[in-house]
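What follows is a short report on a single structure.
Below, chains carry the letters A, B, ... as their sequence lines are ordered, and counting in each starts from 1.
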Amino acid sequence: MVTRPRMLRLQEQPTDFARRLEGRRIAGTARHGKHLLVGLDGGVTWIIHLGMSGRISVADGAAPAPAHTHVTVELDDGSEVRFTDPRTFGYTVALLDDELDAAPYARYGPDALAAPPSVAVLTDRLDRRTAPIKALLLDQRLLAGVGNIYADEALFAAGIAPHRKGGDLDAGELERLLAAIDETLTAGIAAGGTTLEDLAYLLPDGRAGEFTTALRAYGREGEPCVRCGGSIRRDVIRNRSTFWCLGCQR
DNA sequence: ACCTCCCTGGCC
DNA sequence: GGCCAGGGAGGT
């Protein structure tokens, strides 16, 4: 059941969503960057992107659904999958195999955790790029899975200033950055993600993610840097808040 | 390659 | 009453 058509905005024919899911068996699940992939038999992939405030839960169909539940998929055992998303930046779509190979999905870069590029490949991709590395990290075509908070944290861990032009980073810096991305995402996942004060992001069971307490740059404007004691500053890069340390990120 | 817009709850 | 946060599609 779909009570918010906007959540299906990537489905070319909105009626395709229910039609493509109905009667199919879930064969497996996977993740690519920020996309959750539910493989169904018959060559259909059910894609879910949680945006920033999305939540997926599975519950007995008789139990009341949380507020802002916009899409509900009934399973044959009487339970249902619920997609809850107050801000509706998330979306879901059911695609056929050939549609997966088309834009915009085909443009997605390798998963930042499962298949990160080598330093050599990254060097090549960043060659002559003049955009700030912060903006490039958010470009899912280069690397899929790094969002605003984790980009700032990874750049902090690597000691690289967010304004640096992508093409200016040397091999040593890119090696540090790749290691920092891996460490940051791994730690973030282990902690259950980052729940900010607005409580927009919550785990499926409603608990808050605990990476918030591990943040060293994001959201700490004016606070002392835990590494060098300098002051964390906030800049806006490509209309995104960017927190970094002037003292130890170069 | 860049900016704008979408959306909502919470806070100033 | 207005602003802000987030990801990404689409337009210039």
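Remark: P of C:dG7 and CG of A:L36 are 15 Å apart, rounded to the nearest angstrom. Distance CZ (A:R9) to C1' (B:dC7): 9 Å, rounded to an integer number of Å. For the pair A:M52 CE and B:dC7 C1', the interatomic distance rounds to 11 Å; values are reported in whole Å. Straight-line distance from the CZ atom of A:R234 to the C1' atom of C:dA5: 10 Å, rounded to whole Å. When rounded to the nearest whole Å, the span between OH of A:Y150 and P of C:dA5 equals 18 Å. Nucleotide B:dT8 holds its P atom 11 Å from the CE atom of A:M7, rounded to whole Å. The distance between atom CG of A:L196 and atom P of C:dG6, rounded to the nearest whole Å, is 7 Å. Per the geometry, CG belonging to A:L138 stands 11 Å off C1' belonging to C:dG8, to the nearest Å.
Nucleic acid contact for A:N239: base, since at least one base atom lies under 4.0 Å from a heavy atom of the residue. A:R128 comes within 4.0 angstrom of no nucleic acid atom, judged by non-hydrogen atoms across all strands. Looking at heavy-atom distances under 4.0 Å, A:A135 makes no contact with the nucleic acid at all.
At a threshold of 4.5 Å between non-hydrogen side-chain atoms, the residues A:W46 and A:L36 do not count as touching.
Within the structure, a side-chain polar atom (N or O) of A:H68 is placed less than 4.0 Å from OP1 or OP2 of B:dG9. The phosphate of C:dG6 (OP1 or OP2) has a side-chain N or O of A:N148 nearer than 4.0 angstrom. Under 4.0 angstrom from either OP1 or OP2 of C:dG8 there lies at least one side-chain N or O belonging to A:H49. Taking 4.0 angstrom as the limit, A:Y91 places none of its side-chain polar atoms (N or O) nearer than this to OP1 or OP2 of C:dG6. The shortest distance between the side-chain N/O atoms of A:Y201 and the OP1/OP2 oxygens of C:dG7 is not below 4.0 Å. Of the side-chain N and O atoms in A:S241, one or more sit less than 4.0 angstrom from OP1 or OP2 of C:dA5.
For A:Y218, whose side chain is taken as the heavy atoms from C-beta onward, the closest listed nucleotide among B:dC3, B:dC7, C:dG6 is C:dG6. Nearest to the side chain of A:T88, among C:dG8, B:dC3, B:dC7, sits B:dC7. Side chain of A:K34, nearest nucleotide from B:dA1, C:dG7, B:dT4: C:dG7.
Taking 4.0 Å as the cut-off between side-chain N and carboxylate O, A:D85 and A:R55 do not count as a salt-bridged pair. Salt-bridge annotation for A:R87 and A:D198: present, with a side-chain N of the basic residue lying under 4.0 Å from a carboxylate O of the acidic one. Between A:R233 and A:D235, at least one side-chain N (NZ, or NE/NH1/NH2) sits under 4.0 Å from a carboxylate O, which counts as a salt bridge. Note on A:R20 versus A:E22: no salt bridge recorded, every NZ/NE/NH1/NH2 to OD/OE distance being 4.0 Å or above.
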Original post:
So A:R129 and A:L136, side chain to side chain contact (heavy atoms under 4.5 Å, CB included) or not? Walk me through it.
Top reply: CA-CA 9 Å; A:R129 296 292 298 267; A:L136 294 167; 3.0 Å; yes
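Heavy-atom distances to DNA chain C give each of A:R87 and A:L10 a nearest nucleotide, and the one nearer the 5′ end belongs to A:R87. Comparing A:R129 and A:R240 against DNA chain B, the residue whose closest nucleotide sits nearer the 5' end is A:R129.
The overall bend of the helix from B:dA1-C:dT12 to B:dC12-C:dG1, read as the angle between its terminal helix axes built from five base pairs each, is 50° when rounded to 10 degrees.
Each of A:K134, A:R216, A:Q249 was scored for a side-chain hydrogen bond (donor to acceptor under 3.5 Å, both in side chains) with A:D152, with one residue passing: A:K134. For the pairing with A:L95, the side chain to side chain contact (heavy atoms under 4.5 Å, CB included) check across A:V44, A:D101, A:I47 returns one residue only, A:I47.
Judged by ring centres under 5.5 Å apart and planes tilted less than 30 degrees, A:F89 fails to stack against the six-membered base ring of C:dG8.
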